[in-house]
Every structure is written in C-alpha cells, then in structure tokens.
Protein chains: 2
Amino acid sequence: MSQRNSAVTVEVKAAPSGEHDPVACTVLQVLDRVSGKWAIGILLECAHGPRRFTELERAVKGISRRMLTLTLRNLERDGLLTRTVYPTVPPKVEYTATPMALELYESLVSLASWAERHRSEIADARSAYDHSSAPDPTL
Amino acid sequence: MSQRNSAVTVEVKAAPSGEHDPVACTVLQVLDRVSGKWAIGILLECAHGPRRFTELERAVKGISRRMLTLTLRNLERDGLLTRTVYPTVPPKVEYTATPMALELYESLVSLASWAERHRSEIADARSAYDHSSAPDPTL
DNA sequence: CGGTATCCCACTCGATACTG
DNA sequence: CAGTATCGAGTGGGATACCG
C-alpha cells in the first residue's frame, strides 16, 4: 500500500465534508463517525467498561477481524476510544470509551427513542408505499 | 430493470437490520434512513416548508437529479416526506416534511450540538493520532 | 418541469491467509 | 492474543442522456 501521504497505514475514512448547510454539515460529520455497521455496537460494548480485542470480536457478533480493527482505529482516531497496550506476553490490549463517547451515546439514545416512538408509523408508511405501486394482478 | 418483485421500480434500500443488540439495532435503523450524503440536507430544506423538485435541486448544492430522486423516494417511503403532485401543465410537485420528520430533526440537532461541543477535541485527537504514526523524516 | 435509464468508478466490507 | 495483507463482491453515488 505505497501511498505518498504517509500518515496512516490502515484505511482511514477520508472526511467527505464540504457541505454548504452548517447544520447538515455538522450532523453529517457525526454520522460519518458512527455510521457503518459496526461502530455503534463497538462503542456500546466499550461503554460498559474496558474491552479486549477478542472480547469485542465475540461480543459484536458477525464482525470480522479486519472490520473490527478498522472500526477500532477510526474510533480511536476520533478520540472516542482509548487504546491501552500492556506489553505482556501474550499481548493484551484494552479499548475504553472516552467521556466524549459516553456523551455521544446519550444523544444516540434520543435517536433510538425517536425510532421507538415512530416504529409502527414508519412500518405503515413503508407498506403503504410498497403496495401503492401495485403489482399488475393480470400477471 | 426487469425484476419479478414488481413493487418499486427505483432502487430502494433493503433494510440490513438483523443486529443482536436492541439499542445498536434501533439506532442503526434510524441511521440507515438518514445516512447517505443527501437525506439530511433534503430533510432540512423541506422542514422549512414545501419545496419543489427543482428548488431542492438548487438548494441542495452538488446533488444530481438521480440522487435527488432516489433520496426523495426513500424518504417518502419511510413517511418522512409527503409528495404532492399538482396535475397542471407544466407539472408541479411539492415535497413536505411530515411531523415525524420534524421530530427527528430535533434529535439530529442534539447530535449536532454534541459535535459542536467536541469539535476541537475531535480535531485534536485526529491530529495527535495522525502525527503519532510519524512519517519517516529521512524520505 | 420532473423525472428515468445506463454506465461506471470508488469505496465498503467479507473471506481468507499470514505474522509478531 | 492482536493484529496485517490481499483479493473480490456488492453498493453508493456521479455523469450523462433521454422521456411524458
């Protein structure tokens, strides 16, 4: 992976940014941080206390080593997780949610509550929409 | 685009879902709805009142017709926007945010406020991280 | 005006194999 | 134990051209 910009060797999300609307822009930045299939699950686990690599691998079911590492690195880079290496043998590494991440989690809960309140409303809207483009009965 | 499932002709996001953690799962569902580069910008515009197709095209700068249509369809499908067609000539179509969408917007604002509060903290974490994998000075 | 249809690239993510 | 390297499929999204 010979890339001129020598900073990081792992794939790290390049901030898309560059929006015009200040609010949309800000929200998008947060979203980019916690979007992706795994970030929230990992954050959630680490919010309950320090977690080791393999603990996360088991706790966040379905994740691959690769995605675990990648997501961990991005969260660490954004200051949402701290990575602590114990120079023992065998090696031991712990990931901990930062206070900032715990605050973020509170905001995410408000999002979740919105989803709970409107779960059925959304489901209804979906089926209504999907049925309105009705399949031709003559087929 | 001959697909047997005749419901919708446009590409519509198939909900990935299927997570194990209830909170992570719920949040992910919301995120999938408003993720993507354009959903929030469009929602934001329509929150200020009914908007026509070409108004949105101009307001949400950088968006293509294709992505505008796709995102509008998804938002409509989830019941976040209502689409009103005036059968005039030339045609006129208006998109309006639903009450549910306006509520969601409030939640997004709390996310934005989190981002504001921690903007510098994140920036610091980033540069610290990026500098720690220091490029070889001898190059 | 308000869309669709196509083509295509970049990026995400999973599977698998290898390493300090 | 805690990663890294590589390959390849699937998908998000841009450009462009066409349609009722």
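To find a chain, count down the sequence lines: A is the first, B the second, and so on, and within it residues start at 1. Note: hydrogens, waters and symmetry copies are ignored here, and every other heavy atom, side chains too, is used.
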- Query: Any side-chain heavy atom of B:Cys46 within less than 4.5 Å of one from B:Leu75?
  - Reply: no
- Whole angstrom value for the distance that separates C1' of C:dC1 from CZ of B:Arg58: 11 Å
- Message: Among C:dC13, D:dG14, C:dT4, which nucleotide has an atom closest to any side-chain atom of B:Ser64?
- Response: D:dG14
- Message: Nearest whole Å is fine: how far is D:dC1 P from A:Arg65 CZ?
- Response: 9 Å
- Heavy-atom check, side chain of A:Arg65 versus side chain of A:Glu57, under 4.5 Å: yes
- Message: Rounding to an integer number of Å, can you tell me how far A:Leu68 CG sits from D:dA2 P?
- Response: 10 Å
- Message: At less than 3.5 Å, do the side-chain atoms of B:Arg66 and the base atoms of D:dG13 form a donor-acceptor pair?
- Response: yes
- Spacing between B:Leu70 atom CG and C:dT6 atom P, to the nearest angstrom: 14 Å
- Query: Does any N or O in the side chain of B:Thr96 come within less than 3.5 Å of the main-chain N or O of B:Pro50, such that one atom is a donor and the other an acceptor?
  - Reply: no
- Considering the terminal five base pairs at each end of the helix from C:dC1-D:dG20 to C:dG20-D:dC1, what angle separates the two local helix axes, rounded to 10°? 40°
- A:Glu57 CD - D:dA2 P separation (whole Å): 9 Å
- Residues from residues 87-97 of chain A lying under 4.0 Å of DNA chain D - heavy atoms: A:Pro90, A:Pro91, A:Lys92, A:Val93, A:Tyr95
- Within this structure, what is the CE-to-P distance between A:Met67 and D:dC7, rounded to whole angstrom? 19 Å
- Note on the structure: Rounded to whole Å, the CD1-P distance (B:Ile42 to C:dG3) equals 12 Å
- Check whether any side-chain heavy atom of A:Leu28 lies under 4.5 Å from a side-chain heavy atom of B:Lys37, and answer yes or no. no
- Message: So, OP1 or OP2 of D:dA2: does either fall under 4.0 Å of a side-chain N or O from A:Arg51?
- Response: no
- Query: Mind checking whether B:Leu72 and B:Val85 sit in one hydrophobic cluster, side chains of I, L, V, M, F, W, Y counted as touching below 4.5 Å?
  - Reply: yes
- Message: Can a donor-acceptor pair be found, under 3.5 Å and without considering hydrogens, that links the side chain of A:Thr98 to the backbone of A:Gly79?
- Response: yes
Table please: side-chain donor-acceptor pairs of residues 104-113 of chain A below 3.5 Å, with sequence neighbours left out.
residue, atom, partner, partner atom, Å
A:Ser110, OG, A:Ser107, O, 3.0
A:Ser113, OG, A:Ser110, O, 3.4
A:Ser113, OG, A:Arg117, NH1, 2.8

- Message: Does any part of the side chain of B:Trp38, heavy atoms only, come nearer than 4.5 Å to the side chain of B:Val60, both counted from C-beta?
- Response: yes
- Query: Does A:Thr54 place a side-chain N or O at less than 4.0 Å from the phosphate oxygens OP1/OP2 of D:dA2?
  - Reply: yes
- Does the pair B:Glu94/B:Arg52 count as a salt bridge with the N-to-O cut at 4.0 Å? no
- How long is the line joining NZ of A:Lys37 and P of C:dC11, in whole Å? 20 Å
